Amino acid sequence: MPRPIQATVHTSALRQNLQRIREAAPDARVWAVVKANAYGHGIERVFEGLRGTDGFALLDLDEARRVRALGWRGPILLLEGVFEPRDLELCSRLGLWHTVHCDEQIDMLALHKTHEPHRVFLKMNSGMNRLGFTPERYRAAWTRLNALPQVDEISLMTHFSDADGPAGVAAQVARFAQATRDLPGERTLSNSAAVLRHARDAGVRADWIRPGIALYGSSPDHPEHGAADWRLQPTLTLTARVIAVQSLQAGDTVGYGSTFRAERPMRVGVVACGYADGYPRLCPTGTPVLVDGVRSQTLGRVSMDMLVVDLSALPQSGFGSRVTLWGRGDAGACLSIDEVAAQAGTVGYELMCALAARVPVVVED
Ligand SMILES: Cc1ncc(COP(=O)(O)O)c(C=O)c1O
């Protein structure tokens, strides 16, 4: 028997989240962002749920190859562009569109031999100071690209640093709009937070949006809004079973470091999930779980293969009970990955991406 732990990818939830995103930006085409192996879900596992998208955006060339191998003939965008000259050969062969964010990438393109000119997305650093040409240098980069026979169409792109917070997107939108004023080409600006929070703001409408996290049912601006506030559905559930039950007396402790001490007699369940499965070790006592669909909490430190939950108020639950660490529980209950992530001082993105390879994953409708 394998260890009783399982992750489930929900295809219908992916489909519904994509639809929800389309409603928020009805005029835009959608790049479904599937980098980091579809935010930990597995590209092959999300493909069916996201195939209604207009394109897939990612950054690992091997992941692009996998999307083509699934039979996808539509657009694929490399969000970081190429890393070395031979990557351009793969772009030519697989028809990949690629971001151009630095002079070195233009140099590589200028030396590339191809019969099929490439579609490129010229990235502006409008304030995030990660990738892209500054507004002052953007036009010169565009002019240089435009003169290359290797380049077909040039689209214009930037990325927001604060779409999820109070600073918002206005300053970056203004910089982008000003520096691209009379440049032709399609535009792509918004991540999930910008789509959900700012789609109707002046200047934010664009030809393509680039949602990632919202497609996976996690709120981009938790805790200000939860996934349910945005009408997003969890696409990843992590469950494990209770493999042992202990009865504690007042004063007994739980787990490494004895960080939890019982104040009264308690019943606790030992669950077959630990940090080696991707559950954060930083989750403290009190992190929510669902036991047979009923909300309870963790007790003590998370160890490599196990964690402990409170069964004191759940007399029906015991050995073999199903514990939902995040996602869908029994009887329609739901535990948002964002709530668990917040307990560990992080975000849903990180928990999804950290799901360990040893956890078996099934795909459901
Ligand atoms: C350039 C770019 N566009 C879009 C996204 C998608 O962002 P989110 O998952 O917040 O929607 C990312 C993710 O970091 C990104 O780097």
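Order of listing sets the numbers, starting from 1, for every ligand and every atom in it. A quick note: this is a predicted structure, and the numbers were derived from the prediction, not measured.
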For this session: Using a strict 4.0 Å threshold on nitrogen-to-oxygen distance, state whether Asp60 and Lys35 make a salt bridge.
Result: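 Salt bridge: no.
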
For this session: Using a strict 4.0 Å threshold on nitrogen-to-oxygen distance, state whether Arg29 and Glu186 make a salt bridge.
Result: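 Salt bridge flag = yes for Glu186 with Arg29.
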
Exercise. With under 30° as parallel and over 60° as perpendicular, where do the rings of Phe121 and Trp208 fit, or are they tilted in between?
Worked result: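 Ring orientation, 0 to 90° scale: perpendicular.
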
For this session: Just say parallel, tilted or perpendicular for the rings of Trp326 and Tyr279, cut-offs at 30° and 60°.
Result: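 Parallel.
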
When only distance counts, is [X] in polar contact with ligand 1, meaning an N/O pair under 3.5 Å?
| X | value |
| --- | --- |
| Ile213 | yes |
| Lys123 | no |
| Val33 | no |

Measure the distance from [atom] to every protein heavy atom, then report the residue, atom name and distance (to 0.1 Å) of the closest one.
| atom | value |
| --- | --- |
| atom 2 (C) of ligand 1 | His159 CE1, 3.4 Å |
| atom 11 (O) of ligand 1 | Ser192 OG, 2.5 Å |
| atom 7 (O) of ligand 1 | Asn191 CB, 3.5 Å |

Exercise. Would Asp338 and Ser218 count as having a side-chain donor-acceptor pair, cut-off 3.5 Å?
Worked result: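 Result is yes, a qualifying pair exists.
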
Exercise. How about His101 and Arg130: does a side-chain donor come under 3.5 Å of a side-chain acceptor?
Worked result: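 No.
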
Problem set entry | Contact atoms of ligand 1, heavy-atom distance to Pro211 under 4.0 Å |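 Listed by number with element, the hits are 11 (O).
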
Exercise. Of all the atoms in ligand 1, which lie at a distance below 4.0 Å from a heavy atom belonging to Tyr39?
Worked result: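 Those of ligand 1 that fall under 4.0 Å from Tyr39 are 6 (C), 7 (O), 8 (P), 9 (O), 13 (C).
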
Problem set entry | Identity of the nearest option to atom 10 (O) of ligand 1, non-hydrogen atoms only, from Tyr349, Phe121, Tyr216, Trp31 |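 Selected option, by shortest heavy-atom distance: Tyr349.
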
For this session: Look at atom 14 (O) of ligand 1 and find which of Met157, Arg130, Lys35 reaches it with the closest heavy atom.
Result: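 Nearest option to atom 14 (O) of ligand 1, by heavy atoms: Lys35.
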
For this session: Count the heavy atoms belonging to other residues, nucleotides or ligands that lie under 6.0 Å from CD of Glu23, then report whether that count exceeds 12.
Result: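 Buried by this count: over 12 neighbours within 6.0 Å.
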
For this session: Answer side chain, backbone, both or neither: which part of Arg210 comes under 4.0 Å from ligand 1, heavy atoms only.
Result: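 Both backbone and side chain of Arg210 come within 4.0 Å of ligand 1.
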
Exercise. Is there a side-chain contact between Arg197 and Trp230 (heavy atoms, below 4.5 Å)?
Worked result: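 Side chain of Arg197 against side chain of Trp230, heavy atoms only: contact under 4.5 Å found.
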
